[in-house]
Amino acid sequence: MIVNLLVANRGEIARRVFRTCRDLGIGTVAVFADPDAGAPHVAEADLAVRLPGAAPSDTYLDPALLIEAARAGGADAVHPGYGFLSENAGFAGAVIDAGLTWIGPPPAAIEAMGSKTAAKKLMAAAGVPVLAEIRPETVTAQDLPLLVKASAGGGGRGMRVVRSLEEVDEAVASARREAESAFGDPTVFCEPLLEGARHIEVQVLADRHGTVWALGERECSIQRRHQKIIEEAPSPAVDAALRARLYDAATAAARAIGYEGAGTVEFLLAGDAPVGGEEPAGFFFLEVNTRLQVEHPVTECVYGVDLVRLQIEIAEGAALPPRPPEPHGHAIEVRLYAEDPANDWRPAAGALRTFEVPGVDARFRVPDGHGLRLDSGVESGSEVGVHYDPMLAKVIAWAPSRAAAARRLTAALRGTRLHGVTTNRDLLVRILTEECFLAGAADTGYLDRHLHAGPGGRAQGADDCMITAGSGAGLARPLAGEPAVRLSALAAALADAAGARASAKVLGRLPSGWRNVPSQPQRKVYEGPGGPVEVAYRLTRDGLRAEVAPDARLVHAGPDEVVLDVSGVRRRFAVRVFGADVNVDSGLGAVALRALPRFPDPNAHAAPGSLLAPMPGTVVGVRTEEGAVVTVGQALVVLEAMKMEHRVAAPVDGVVAELRVAEGQQVEAGAVLAVITTGDAADAEGGKNR
């Protein structure tokens, strides 16, 4: 029996495992790198052991350091979570050799699936359908389009889509760098890219006594950068006949490698497969994730199980019942990320000042009956760093039907208050209310077609998922449009004035900006999502007069809340101020503003043509040189941050006058990477395109 368990991980999954351990009466040991010293998972464990350093390679990816931490914390078992070393056979073997209980499959099973190329051969021998493998050095035009994939890992890292032969070398090199950074193995391979395919996975659970469960399938087709952002169970694309075939393939895969514990067998459902049709749909093996999946909560809700508890009990030698429980209802999970979907998914770092999700029925467990579940690695005040994945939390709705789950989840996300960092919340709301998603017709190319497309645009893909006017096209745009931004700015200005009155030591009851003879209105300028917003208003005997919202009437103004009557509709605006940053939440959407000073510092802005680092990171590629002629949008520098590569492009046409960075250099957000002078680039002597 396990007495004390160390989670060799961080954030949300560490908190999730700790919750089950508390239910079972098992002691908990956390580990933390220096940036995580104040993280919630550290505070919630019975004991916490420091891993000196910040980089994952020096901390969470160091097997010897983690085993030493287990001994220091008195742990007799190790749960790897997901990511980091969770699918590292060497680490699993080292844990067992140290006399500790490994909460996961046998090292041999992990080893068998550790190389995707070897795994595909093994699955083919077991009768599981697989896609052909293509070696990068043998790619021809007939092989296109194709997908470059890391052999040693998943989660979208080390994956690149290639549509022309000219892209192959760069895609392979970039994928190898990312794979080396994320998994310590730069090996990559290629396989055909299935356009319009759906990503379907089967949860398996196996004990050491020969019982293997197929515990339902999950739909994970909505992805960005080959990483899932919305998952659900069951899949709207799977009927009873297809489900039986998927279960047979998944259990055959588990038995072929002598699997134990919780795992996931992932498949691609061919794009031309009928949805609920008479003919069986074609599917192909992707990989076996020899660990718990990020999206495990949707399976837990639908089947009423605790997968972490079952993992622990299987590791202790318990036997599963002969058959799994029956499913009930539908569950949908969204992943909240600190990132900007409209700006190439650029991750965001900084203080998460407010994180409040309304109506949560359960945290890290299945709600009693149907309801809303929250699994988060952060709380209000948490710091979002640059060293790790930018996922903040998972919000899960479980309801009697798919439509009801989508509605409940949409309402929760709309009401969520997220202040301090840019997130993908608005994108998730738009997807959950978009007709293609609601019809259950989204495939893995869904976001590529819908993210930036304008209304009425056309794109190739499934006929029932075309971009058409009113279809939710342009999903990256924020929920709050220009009128909402103007009203939110007005509410921010009125709240600011109310706060000033409340703190005034003399004549605090006088209206803000009171004059015996009124002349100029009160003015406040904010930087909004689309640029500066100037608010000019007067509070007269006849009420509010505001240029930005002529139809608005003031009902109430306080430092934290403003109520406006707009054309007969009363609206409430919650206002929170963090220095110059102002966050306004209302039924119109969330708006982030920044109060601009009345007299700005003339030296505060970078010179025109400066190429700035969008985030802290490491320079892993420099694709230009001083004197080179460049065009706007051309990638000049590649940064690695939050375990992903990010291209920094030229802001203007011109010539590279200064290049201030080199490969391997660490840079801070806002650092000048290069300076580009504008003018007639063709006249630049010695300039050349790179």
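Hydrogens, waters and symmetry mates are skipped; everything else that's a heavy atom, side chains included, is used. Sequence positions, counted from 1, serve as the residue numbers for this chain. Please read all numbers here as calculations on a predicted model, not as lab measurements.
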| query | In terms of the angle between their ring planes, are F267 and F283 parallel, tilted or perpendicular, with boundaries placed at 30° and 60°? | reply | perpendicular

| query | Is a side-chain N or O of Q203 found less than 3.5 angstrom from the main chain of G263, in a donor-acceptor match? | reply | yes

| field | Close side-chain approach of Y388 and R10, heavy atoms under 4.5 Å | value | yes

| request: State which residue, out of V294, L336, V384, fulfils the side-chain contact (heavy atoms from CB on, under 4.5 Å) condition with M391. | output: V294

| query | Would S174 and E645 count as having a side-chain donor-acceptor pair, cut-off 3.5 Å? | reply | yes

| said: Could you tell me if the side chain of V29 sits less than 4.5 Å from the side chain of D46, heavy atoms only? | reply: no

| Quick one: does D76's side chain get under 4.5 Å of I2's, heavy atoms only? | yes

| query | Charged N to carboxylate O below 4.0 Å: is that the case for R335 and D389? | reply | no

| task | First locate atom CG of L286, then atom CE of M123, and finally report the distance between them rounded to the nearest 0.5 Å. | result | 12.5 Å

| field | Closest heavy-atom pair and its distance - A89, I110 | value | N-CG2, 3.6 Å

| Which is it for D375 and R19 under the salt bridge (charged side-chain N to carboxylate O under 4.0 Å, His left out) test, yes or no, and what are the steps along the way? | CA-CA 11 Å; D375 287 19; R19 198 276 303 162; over 6 Å; no

| field | Shortest non-hydrogen contact from C301 toward I396 | value | SG-CG2, 4.2 Å

| request: Please name the pair of heavy atoms, one in V42 and one in A48, separated by the smallest distance, quoted to 0.1 Å. | output: CG1-CB, 3.7 Å

| query | Are any side-chain N or O atoms of D306 and backbone N or O atoms of R309, one a donor and one an acceptor, separated by less than 3.5 Å? | reply | yes

| request: Take D207 and Y259 through the test side chain to side chain donor-acceptor pair (under 3.5 Å) and record every step on the way to the result. | output: CA-CA 8 Å; D207 63 22; Y259 202 81; over 6 Å; no

| Is the closest side-chain heavy-atom distance between E44 and H41 below 4.5 Å? | no

| request: Would you check if the side chain of W102 reaches a backbone N or O of P80 as a donor-acceptor pair within less than 3.5 Å? | output: no

| field | No-hydrogen, no-angle side-chain donor-acceptor test under 3.5 Å, S151 and S115 | value | yes

| request: Quickly, which of E333, E201, E266 forms a salt bridge (Lys or Arg N to Asp or Glu O under 4.0 Å) with R218? Name it, please. | output: E201

| task | Check the pair K120, E287 against salt bridge (charged side-chain N to carboxylate O under 4.0 Å, His left out), reporting the backbone distance first and the verdict last. | result | CA-CA 8 Å; K120 290 174 72 169; E287 61 183 338; over 6 Å; no

| If we ignore angles and hydrogens, is there a donor and acceptor under 3.5 Å between the side chains of T20 and R16? | yes

| task | Report yes or no: is the cationic atom of R402 (NZ for Lys, CZ for Arg) under 6.0 Å from the centre of the six-membered ring of F437, at an angle within 45° of the ring normal? | result | yes

| Regarding R291 and Q293, is there a side-chain donor-to-acceptor distance under 3.5 Å anywhere? | yes

| field | Check: R177 side chain, V172 main-chain N or O, donor-acceptor pair, under 3.5 Å | value | no

| How long is the gap from NE2 on H226 to NZ on K149, to the nearest 0.5 Å? | 9.5 Å

| query | Do W345 and Y337 have their ring centres less than 6.0 Å from each other? | reply | no

| message | For A233 versus V302, what's the shortest heavy-atom pair and its separation? | response | O-CG2, 3.4 Å

| message | For the backbone of V238 and the side chain of R243, can you confirm whether one donor and one acceptor N or O come within less than 3.5 Å of each other? | response | yes

| field | Interatomic spacing from CZ in R224 to CD1 in I230 - rounded to 0.5 Å | value | 12.0 Å

| field | Other residues, nucleotides, ligands: >12 heavy atoms within 6.0 Å of D97 CG | value | yes

| Atom pair CZ (R50) and OG1 (T59), whose distance is rounded to the nearest 0.5 Å | 11.0 Å

| Do L447 and I431 come close enough that some side-chain heavy atom pair is under 4.5 Å? | yes

| query | Under 3.5 Å, side chain of R417 to main-chain N/O of V357, donor-acceptor pair present? | reply | no

| request: Please examine the side chains of V298 and I332, heavy atoms only from C-beta on, and report whether any two atoms are closer than 4.5 Å. | output: no

| Spacing of H79 atom NE2 and T101 atom OG1 [to the nearest 0.5 Å] | 12.5 Å

| field | Q666: partners by side chain to side chain contact (heavy atoms under 4.5 Å, CB included), with sequence neighbours left out | value | T618

| Just by modelled atom types, is the L413 backbone N or O under 3.5 Å from a matching donor or acceptor in the R425 side chain? | yes

| message | Aromatic contact between F364 and F18, with the criterion being ring centroids under 6.0 Å apart: yes or no? | response | no

| query | Looking only at atom types and distance, does a side-chain atom of T444 sit under 3.5 Å from a main-chain N or O of A197, one as donor and one as acceptor? | reply | yes

| message | With heavy-atom distances below 4.5 Å as the criterion, would you say the side chains of I312 and I26 are in contact? | response | yes

| said: Taking G53's backbone N and O only, do any of them form a donor-acceptor pair with D34's side chain (distance below 3.5 Å, no angle check)? | reply: yes

| task | Can you measure from CD (E219) to CG (D443) and round to the nearest 0.5 angstrom? | result | 9.0 Å

| query | If only atom types and distance count, is the side chain of H209 paired as donor or acceptor with the main-chain N or O of G317 below 3.5 Å? | reply | yes

| field | Sub-4.5 Å side-chain heavy-atom contact between E12 and K394 | value | yes

